[in-house]
There are 2 protein chains.
Amino acid sequence: MNLPPLIQTFVLHFGEMGSRWGISRTVGQIYALLFLSPEPLNADQIVQQLGFSRSNVSMGLKELQAWNLVRLQHLPDDRRDYFTTPGDLWEILRTLAEERKKREVDPTLTMLRDVLMQTPSTDVERHAQARMQDMHDLIELLTRWYDDIHRIEPSRLAQLLSLGAKVQKIFEVKDWLTGGGPERTGRSVPAAPADTGDTTDTTR
Amino acid sequence: MNLPPLIQTFVLHFGEMGSRWGISRTVGQIYALLFLSPEPLNADQIVQQLGFSRSNVSMGLKELQAWNLVRLQHLPDDRRDYFTTPGDLWEILRTLAEERKKREVDPTLTMLRDVLMQTPSTDVERHAQARMQDMHDLIELLTRWYDDIHRIEPSRLAQLLSLGAKVQKIFEVKDWLTGGGPERTGRSVPAAPADTGDTTDTTR
DNA sequence: CCGTAATTTCAGAAATTTGTGAAATTATAG
DNA sequence: CTATAATTTCACAAATTTCTGAAATTACGG
């Protein structure tokens with residue numbers, strides 16, 4: 001491997017991290033390299049920079065394509081395949097979430113629904129099903145939230161995220177408007193809407 | 001392995017899933033079994049039900065304890081160690097997020113900060129650093145959000161989550177209050193606060 | 001203390017995953 | 001078409017991870 005130290009650190013780190021996730025060290029490093037590269041790279045350039053075998057790089061690129069994490073493109077007068085990662089990090093994040101959901105969450109949800117259909121014959125099974133029902137409901141709540149949220153455009157989403165726990169105040173507005181006292185907060189008089197307006201000033 | 005079919009399906013599924021995450025098949029299965037069990041289990045009971053070696057189960061339990069996913073307890077007049085998973089799924093979710101953050105996100109953030117301190121000497125390095133800065137900022141935004149949100153109590157968090165993309169309306173309230181027109185929505189007149197009150201009625 | 005039950009450690013076996021080179025396939029320029 | 005460049009496939013080698021049984025350690029009742 002022959003890389004500027006700064007880049008090498010990043011690439012090696014992602015190699016290690018890759019193993020913690022489902023992907024191999026090679027795939028992690030290839031991705032990291034592409035992520036940092038100012039321009040598209042072809043397989044031989046990756047081989048040259050990371051020192052893996054040509055076939056390994058080919059496999060790795062195939063896997064990254066299966067994950068939709070990498071884009072294939074062609075340069076004029078060059079028939080080799082060149083690869084890049086999207087420039088927009090939010091897009092990368094969305095892809096990552098999407099793919100992990102597809103591979104981990106959806107199958108689990110299917111399996112849970114399947115098992116929840118069956119009729120338990122013992123108390124132990126009944127208890128197990130109750131646990132699975134809880135898990136199912138939580139996962140469904142989270143995925144519904146995700147499906148809803150992931151379409152919000154990045155800049156607004158960033159705004160929303162930096163709001164953090166302050167979004168809770170939305171309930172205070174609601175309580176205030178509906179005349180019902182707050183049920184869970186310690187405050188006896190909830191903040192007025194004007195207060196909520198303040199909370200949206202989130203440029204830290 | 002000698003389990004009710006319904007439980008076996010779940011246990012096997014978590015074994016497979018375990019491999020996709022950082023944990024081994026054994027650890028995944030042990031966790032799944034504990035999760036479904038109506039009462040605490042000791043190591044020998046796990047051996048008996050899953051058919052792994054005693055030492056393997058010992059290792060597995062140790063790893064689950066390192067992840068804080070499992071609680072050790074003792075039964076009266078019995079000196080063996082018994083294990084359970086928390087009954088509250090929100091707590092489990094929080095632990096999971098916490099531990100993954102500790103193992104995956106924090107080290108990455110550290111590494112990024114480290115590399116961002118260094119002075120680039122080429123254009124390629126300069127570009128790489130810009131990319132890393134973007135990644136750093138995104139991760140920091142997300143973890144800040146997480147740190148903020150994870151302290152909200154489950155019932156309120158569930159309420160918030162089922163709000164989904166509707167939380168966006170909070171900005172319309174703000175725009176409305178500050179007199180500024182909406183910049184991004186198609187609506188020329190944003191919803192009034194009363195409208196926002198409606199959106200909190202989220203019991204689907 | 002002693003004896004025994006419970007758990008842990010650890011070296012190596014077994015299984016799985018990852019990586020390679022040679023051969024096959026595909027694509028394209030001439 | 002043919003020649004060659006580019007990529008992919010695949011059988012096997014290498015490396016890593018997982019699992020086991022035997023031995024060591026720890027914990028505790030008597």
Side-chain angles (χ1 to χ4, degrees), chain A residues 1 11-34 40-67 69-84 103-104, chain B residues 1 11-12 14-34 40-67 69-84 103:
Chain A
M1 187 183 300
V11 166
L12 290 178
H13 179 88
F14 265 72
E16 295 313 309
M17 272 319 174
S19 335
R20 287 190 190 253
W21 294 34
I23 67 178
S24 73
R25 196 168 50 86
T26 314
V27 175
Q29 291 193 12
I30 294 175
Y31 183 79
L33 190 66
L34 288 173
L41 297 177
N42 64 45
D44 285 318
Q45 292 173 306
I46 296 171
V47 166
Q48 197 268 314
Q49 300 200 61
L50 298 181
F52 298 129
S53 73
R54 183 52 239 265
S55 58
N56 198 4
V57 169
S58 178
M59 299 288 224
L61 287 170
K62 226 182 73 178
E63 185 167 351
L64 285 172
Q65 282 176 283
W67 276 82
L69 283 171
V70 124
R71 287 199 190 321
L72 168 61
Q73 64 179 223
H74 283 104
L75 265 48
D77 296 330
D78 189 338
R79 57 198 253 220
R80 284 170 294 184
D81 294 343
Y82 282 79
F83 297 89
T84 45
R103 278 156 226 257
E104 293 165 15
Chain B
M1 188 183 300
V11 166
L12 290 178
F14 265 72
E16 296 313 309
M17 273 318 173
S19 338
R20 287 189 190 254
W21 293 34
I23 67 178
S24 73
R25 197 169 49 87
T26 314
V27 175
Q29 291 192 11
I30 294 175
Y31 183 79
L33 189 67
L34 288 174
L41 298 178
N42 64 44
D44 284 318
Q45 292 173 307
I46 297 171
V47 165
Q48 198 268 313
Q49 299 200 61
L50 297 181
F52 299 128
S53 74
R54 183 53 238 265
S55 59
N56 198 5
V57 169
S58 178
M59 300 286 224
L61 287 169
K62 225 181 75 176
E63 185 167 352
L64 285 172
Q65 282 176 282
W67 275 82
L69 283 170
V70 126
R71 288 200 190 318
L72 168 62
Q73 62 180 226
H74 283 104
L75 265 47
D77 297 329
D78 189 337
R79 57 199 253 218
R80 285 169 293 183
D81 294 343
Y82 283 78
F83 297 89
T84 44
R103 280 155 224 255

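Naming: A, B, ... by sequence-line order, numbering from 1 per chain.
Residue A/Arg79 places no side-chain N or O under 4.0 Å from the OP1 or OP2 atom of C/dT28.
Using a distance-only test at 3.5 Å, with no hydrogens or angles considered, a donor-acceptor pair links the side chain of A/Gln45 to the main chain of A/Asn42. Under a 3.5 Å cut-off, the side chain of B/Ser19 and the backbone N or O of B/Gly15 do form a donor-acceptor pair.
Residues A/Val70 and A/Leu34 have side chains in contact (heavy-atom distance under 4.5 Å, counting atoms from C-beta outward). Proximity of A/Ile23 to A/Tyr31: side-chain heavy atoms (C-beta onward) are nowhere separated by under 4.5 Å. B/Met1 has its side chain out of reach of B/Gln49: every pair of non-hydrogen atoms, C-beta onward, lies at least 4.5 Å apart. A 4.5 Å side-chain heavy-atom check between A/Tyr82 and A/Leu72 finds every atom pair outside the cut-off. Residues B/Leu50 and B/Val57 have side chains not in contact (no heavy-atom distance under 4.5 Å, counting atoms from C-beta outward).
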Treating primed atoms plus P, OP1 and OP2 as sugar-phosphate and everything else as base, which nucleotides of nucleotides 13-20 of chain C get B, S or - for protein heavy atoms under 4.0 Å? -----SSB
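For DNA chain D, the span of nucleotides reached by chain B at under 4.0 Å from its heavy atoms goes, 5' to 3', from D/dT18 to D/dC28.
For A/Gln48, there are no side-chain contact (heavy atoms from CB on, under 4.5 Å) partners two or more places apart in sequence or in a different chain.
A/Asn42 comes within 4.0 angstrom of nothing in the nucleic acid, heavy atoms only.
Put simply, NE2 on A/His74 is 11 Å from P on C/dA29, counting in whole angstrom units.
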